[in-house]
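Inspection log for the structure reproduced underneath, given as structure tokens.
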Number of protein chains: 2
Amino acid sequence: MIRDERLSWKEVRDQIRAGILNRTYAPGDKLPRDADIAETLGCARSTVQRAMRDLSDAGLVERKRKGGTHVRTDPVTRATLDIPITRREVEKRGGVYGYQLIDQSLGVIPHEVARKFEQTETTEMMRVQALHLADHKPHIFEDRWICTDTVPEILNVDLSRESANEWLVRNKPYTRFDLRFYAISADAEIAECLKIERGSPLLVIERTTWIGTAAITLVKAYTAPGYEILTSN
Amino acid sequence: MIRDERLSWKEVRDQIRAGILNRTYAPGDKLPRDADIAETLGCARSTVQRAMRDLSDAGLVERKRKGGTHVRTDPVTRATLDIPITRREVEKRGGVYGYQLIDQSLGVIPHEVARKFEQTETTEMMRVQALHLADHKPHIFEDRWICTDTVPEILNVDLSRESANEWLVRNKPYTRFDLRFYAISADAEIAECLKIERGSPLLVIERTTWIGTAAITLVKAYTAPGYEILTSN
DNA sequence: AAGTGGTCTAGACCACTGG
DNA sequence: CAGTGGTCTAGACCACTTA
């Protein structure tokens, strides 16, 4: 007789997942209770729990107290995205990073921006427009609003040397953020900055960050043509 | 004296995170060992572990055996994306979903497609072009290649009734996928399908899926103007 | 070689929620 | 209100990695 070895939670997870993939448990089906699975497989319940949490995080099953664990009927593709600071992104690809401040000013925020910040009484903020370069070519044009009430220190930062992107990320950690991606066609201003033709299709990455409920910044990053966002799974 | 209650792992996590946000632990700093934190806070080491895993998943700290736990120097914005099947996406917003098969054929895959599949000997696949509608208006035009070697059953599915999107997701779970987003401008064919002007900027969602190492499908989803991808964090 | 995080166990209690 | 998942503990051993 071969003595059973202890099961790792990944092995448990893979067994359960296999059962789902091969239709032993079809979408909508209820899986046995953790305790029963543990007994069947001969491991501790917490090991099953660990495996289940992984499957749940991956969106394969849905767990409810008292309700039990069910195979999700409506699978979603769940991906994790890492958006690094632009410098890192360029350097990681072996490129040469460059940065240019284009304009910096104080001004009243447009309604559209105020809406993105949700609840903010602040009406005047700092606007920063800057260009990130990769291998000396325009890479990303960013148009940013920074809440000077939340981040008064920004007034004393020399943004011609260091990008707001980096300064903020290093000095003002956020607790919440909002991300959206969409496509636009380049208007005259953006086209000029990125040195492309008007009307070129661009991917825009828009990010708003808060610390607690206080708005920090809203940035629209207009990426140069050819830019792609990738996930690795 | 008030007797200390047991700490939950979320409370532990929040305390550690607070220490990072308020610079008690600056970027690059090493945090105490789990065991020490546990003793300091008066909880079990596994509770600290749970908290740390959360911070690590969020990208705030980096953990290494023997090396200890360090606050990450270059924070990344880490977001989780859920991409549901198109029907759900439309219905969740309260819209009416519709679907039209445009074309279905067998053909030799272009080199560009073969490259995306990485290693595949298959050269002939099924191509499916279809339109997803939201409130009777074009919403997403999808151009898909399906590997008939991996998914021979697809040959017997009536794709004019059910979208390949849904059939695959229900019947052919994948084990790995690749996602990318980028912007293009609509060519004549896409413009006609989506009933928009040529040259309109479009967000494209491209997804390749595999089961094991066997290719399943590659789909390019051309979204109608105004489409946005959102993350919720 | 030794230090630190990762995992497993067995058991207890809690918290949510569906029947 | 009872069943099920979620969490906590204390302790042991493992596995990776760096000093």
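Naming convention: chains lettered A, B, ... in sequence-line order (proteins, then strands); numbering from 1 in each chain.
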Inset, instruction - Indicate the ring-plane relationship of B/His132 and B/Tyr99, choosing parallel, tilted or perpendicular according to the 30° and 60° boundaries. - result: tilted
Inset, instruction - Take the protein atom CD of B/Glu39 and the nucleotide atom P of C/dT4, then report the distance between them rounded to whole Å. - result: 14 Å
Legend entry - Distance in Å, A/Ile83 CD1 paired with A/Phe177 CZ, rounded so as to fall on 0.5 Å steps: 8.0 Å
Inset, instruction - Answer yes or no: is there a donor N or O on one side and an acceptor on the other, between the side chain of A/Asp135 and the main chain of A/Lys137, under 3.5 Å? - result: no
Legend entry - Separation of atom NZ in B/Lys10 from atom C1' in C/dA15, rounded to whole Å: 12 Å
Inset, instruction - Remember a base hit wins even if backbone is also touched, and classify A/Thr69 as base, sugar-phosphate or nothing at under 4.0 Å, heavy atoms. - result: sugar-phosphate
Legend entry - Whole angstrom value for the distance that separates C1' of C/dT7 from CH2 of A/Trp9: 10 Å
Inset, instruction - Please indicate whether B/Arg161 has more than 12 foreign heavy atoms, meaning atoms of other residues, nucleotides or ligands, lying under 6.0 Å from its CZ. - result: no
Legend entry - D/dT4 OP1/OP2 closer than 4.0 Å to side-chain N/O of A/Arg33: yes
Inset, instruction - Figure out the CG/P separation between B/Asp34 and D/dA12, and round it to whole Å. - result: 18 Å
Legend entry - Phosphate contact (C/dG6 OP1 or OP2) by B/Gln49 side-chain N/O below 4.0 Å: yes
Legend entry - For atom NZ of B/Lys30 and atom C1' of C/dT4, their distance in whole Å: 8 Å
Legend entry - Nearest-angstrom distance from the residue atom CD1 of B/Ile37 to P of D/dC8: 15 Å
Legend entry - A/Arg65 vs B/Lys66, nearer the 5' end of DNA chain D by closest nucleotide: A/Arg65
Legend entry - Rounded distance (Å) that lies between atom P of C/dT7 and atom CE of B/Met52: 15 Å
Legend entry - Ring centers of A/His139, A/Tyr227 separated by less than 6.0 Å: yes
Inset, instruction - Please report, rounded to the nearest Å, how far the P atom of D/dC16 is from the CD atom of B/Glu62. - result: 17 Å
Legend entry - Minimum-distance nucleotide (side-chain atoms of A/Arg63 versus D/dT7, D/dG6, C/dC8): D/dG6
Inset, instruction - Just compare C/dT4, C/dA12, D/dT9 and give me whichever is closest to any side-chain atom of A/Arg45. - result: C/dA12
Inset, instruction - Establish, with yes or no, whether the OP1 or OP2 oxygen of C/dT9 is under 4.0 angstrom from a side-chain nitrogen or oxygen of A/Thr47. - result: yes
